[in-house]
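Lettering follows sequence order; numbering is per chain, from 1.
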There are 2 protein chains.
Amino acid sequence: MQLKDASMKTNAAMNDSEATTRSASTTEALRGAILAGEFRPGERMYEFGLSQRLKVSRTPIREALKSLAGEGLLDHIPNRGYYVREYSIDDIVQAYEIRAALEGLAARRAAQLGLAAQERAIIEKALHDGEMFLKRDAFSPADRTLYGEINAAFHNAIHVASQSRMLRDQLRLSQQVAPSSHRNVIAFERLDVRRRHDDHHRIYEAILCRDAGRAELLMRDHVEGVKIALIRAISRDMLPTP
Amino acid sequence: MQLKDASMKTNAAMNDSEATTRSASTTEALRGAILAGEFRPGERMYEFGLSQRLKVSRTPIREALKSLAGEGLLDHIPNRGYYVREYSIDDIVQAYEIRAALEGLAARRAAQLGLAAQERAIIEKALHDGEMFLKRDAFSPADRTLYGEINAAFHNAIHVASQSRMLRDQLRLSQQVAPSSHRNVIAFERLDVRRRHDDHHRIYEAILCRDAGRAELLMRDHVEGVKIALIRAISRDMLPTP
DNA sequence: TCAAGCAATAATGTATACATTATGCATGAA
DNA sequence: TTCATGCATAATGTATACATTATTGCTTGA
């Protein structure tokens, strides 16, 4: 368990990570640890143990746990503590369905409202970076992270362009699923990446043309495509291990 | 302010409302009060004042506030307290867009998975109750609440039938918007209610036929229809008051 | 041998004291 | 007057003591 010390005052020099309160930095630390898979699904989160590890009292720990439960990362059973929420394969597939619907909506709104210059720049950079990426010979594990970032930049710009806080919040919830273990199941072959990247180009064009219906359709199909790829990858992995 | 005492042990006989902890009952009490419009949008929620009113210490109050912030009912500014979140008309319209997408998804899943006998029964009762309701001569304010319940029963049954906790959670978030004030703006004329109720019949048929695509389309259009009615009602109300 | 029940222990829930941060007002100088 | 400064006040943030609830393991009785 690699949790960093979340206390601030005791450490002379703070991280530049802008931690306002211990509650906030504890929340970030725990969220990161959960998403990084440092806790097993179903594992119980003991307040006292966490407070010792993070060098804070139980109070900010409890606040962090409550927040993370609200985000769906933990389950809370009164008088029985917090547990890392388990996401089944089916849950993750469902999350993609939800995300597909919401991303579609975001793309539609982005097309309706139009893109700001800065948003266009970010998207075009993401498209360019994607092209560079695809010129490589092979994809290392680190490359997956890299393309993940390029991909996130593209989608994030559209979320921002949708100009809807609620939509962004809901999208964040639908994306914040499945730590580590399940995530790497996703198929990551050249053809898949190529296809998804081409989707990005088409979606961007539709948004530029202010074709809201088309933007929504393409975006929704794009995310559904990832869902399908995931299902394919799973069923392929399942066959050898009956 | 009509907040009830949220403490349990001091009261000999508890409400049957199954309160497990003071945190939980406080959360319920505050959520209900906010949704009932007992706090004005933008109003600050002082921990100490609330703790006095609800006769509990600040600890459960703080837990409740954190939960409600996670649900989107409050905004939290570190070191500056919690505030009742303000939802603009545009926010509410956006919420309907999100809800339309998610309800559509729920209907699609319900059609794919099929309805259990109990779910069918609930939906048919809601359809029947709606018919009875429409036979009335006039609609009193109390009737709005009644039809609201019938409507909620119908939609809720489909949420359950979608068999997706995440979808239900996200739907709850998208519905838990706009207390009191804004909510009553919605057009509530016979033709509107008739139309929406007919939608329900058609949606149910599509689900029964396991026509997932049609169920989704109809449901989405159904909720979009409410959105349109809302926009119409607003622009109508706007004209007299420049 | 097994089940029921009862400590003992450990965890969560709650209250409260203390620490830190924001806010408003008074004071004083430009 | 106007603005800046600093202190008093009040609010939130944090730690901690105490209360309540779960859990565990042991004892006891059948």
Side-chain angles (χ1 to χ4, degrees), chain A residues 3-15 17-30 39 42-70 73-85, chain B residues 3-15 17-30 39 42-70 73-85:
Chain A
L3 295 178
K4 283 175 194 163
D5 187 333
S7 67
M8 304 161 292
K9 283 227 314 303
T10 50
N11 296 354
M14 257 306 290
N15 284 345
S17 62
E18 276 303 327
T20 52
T21 65
R22 294 209 231 295
S23 278
S25 50
T26 301
T27 305
E28 284 178 36
L30 289 180
F39 298 95
E43 183 174 346
R44 183 164 178 181
M45 306 288 276
Y46 291 99
E47 298 174 2
F48 185 69
L50 293 172
S51 76
Q52 283 190 133
R53 257 205 280 275
L54 296 179
K55 307 253 184 69
V56 296
S57 78
R58 279 176 55 219
T59 306
I61 297 287
R62 282 176 66 83
E63 301 223 330
L65 295 176
K66 185 144 293 266
S67 287
L68 296 173
L73 290 176
L74 300 175
D75 277 321
H76 176 60
I77 306 175
N79 290 315
R80 291 199 190 179
Y82 291 85
Y83 298 82
V84 177
R85 184 156 160 193
Chain B
L3 294 178
K4 283 174 193 164
D5 188 334
S7 67
M8 306 161 290
K9 284 229 311 302
T10 50
N11 297 352
M14 256 309 289
N15 285 344
S17 63
E18 276 303 326
T20 51
T21 65
R22 295 208 230 295
S23 278
S25 49
T26 300
T27 305
E28 284 178 34
L30 288 180
F39 298 95
E43 183 174 344
R44 183 163 177 182
M45 306 288 277
Y46 291 99
E47 298 173 3
F48 185 69
L50 292 172
S51 76
Q52 283 188 134
R53 257 206 280 276
L54 296 178
K55 307 252 184 71
V56 296
S57 77
R58 280 175 56 218
T59 307
I61 297 288
R62 281 175 67 83
E63 302 224 326
L65 294 176
K66 185 142 291 261
S67 288
L68 296 173
L73 291 176
L74 300 175
D75 277 321
H76 176 60
I77 306 176
N79 290 315
R80 291 198 190 178
Y82 291 85
Y83 299 80
V84 177
R85 182 156 163 193

Distance, rounded to the nearest Å, where B:Arg44 contributes CZ and C:dG24 contributes P: 9 Å
Which nucleotide in the list C:dT23, D:dG13, D:dA15 gets nearest to the side chain of B:Arg80? C:dT23
In whole Å, what is the span from the CD atom of B:Glu47 to the P atom of C:dT16? 15 Å
Which of the following nucleotides, C:dA15, D:dT16, D:dA15, is nearest to the side chain of A:Arg58? D:dT16
Between CD of B:Gln52 and C1' of C:dT16 the distance, given in whole Å, is 14 Å
Testing B:Leu73, B:Thr27, B:Leu30 for side chain to side chain contact (heavy atoms under 4.5 Å, CB included) with B:Ser67, which one passes? B:Thr27
Please tell me which of the listed nucleotides, C:dT16, D:dA11, D:dT14, lies nearest to the side chain of A:Pro60? D:dT14
Take atom CD of B:Glu63 and atom P of C:dA15, then tell me their distance rounded to the nearest Å. 11 Å
Just do the side chain to side chain contact (heavy atoms under 4.5 Å, CB included) check on B:Lys66 and B:Tyr82 with the steps written out, would you? CA-CA 9 Å; B:Lys66 185 142 291 261; B:Tyr82 291 85; 3.4 Å; yes
When you check the phosphate oxygens OP1 and OP2 of D:dT12, does a side-chain N or O of A:Thr21 lie under 4.0 Å from one of them? no
Protein-nucleotide distance (B:Ile61, atom CD1; C:dG13, atom P), rounded to Å: 16 Å
Can you find a side chain N or O atom of A:Thr59 that sits less than 4.0 Å from OP1 or OP2 on D:dT14? no
What are the two closest non-hydrogen atoms of B:Ser23 and B:Pro60, and how far apart are they? OG-CA, 3.6 Å
Ignoring backbone atoms, establish whether B:Arg62 has a side-chain N or O less than 4.0 Å from OP1 or OP2 of D:dT12. no
Is A:Leu50 close to A:Met45 at the side-chain level, that is, under 4.5 Å between some pair of heavy atoms? yes
In whole angstroms, the gap separating C1' of D:dT21 from CZ of A:Phe48 amounts to 18 Å
Are OP1 or OP2 of D:dA15 and a side-chain N or O of A:Ser57 less than 4.0 angstrom apart? yes
Taking atom C1' of C:dT23 as reference, at what distance in whole Å does atom CG of B:Asn79 sit? 13 Å
Does some side-chain heavy atom of A:Thr26 sit less than 4.5 Å from a side-chain heavy atom of A:Glu63? no
May I have the distance from A:Leu54 (atom CG) to D:dT14 (atom C1'), rounded to whole angstrom? 14 Å
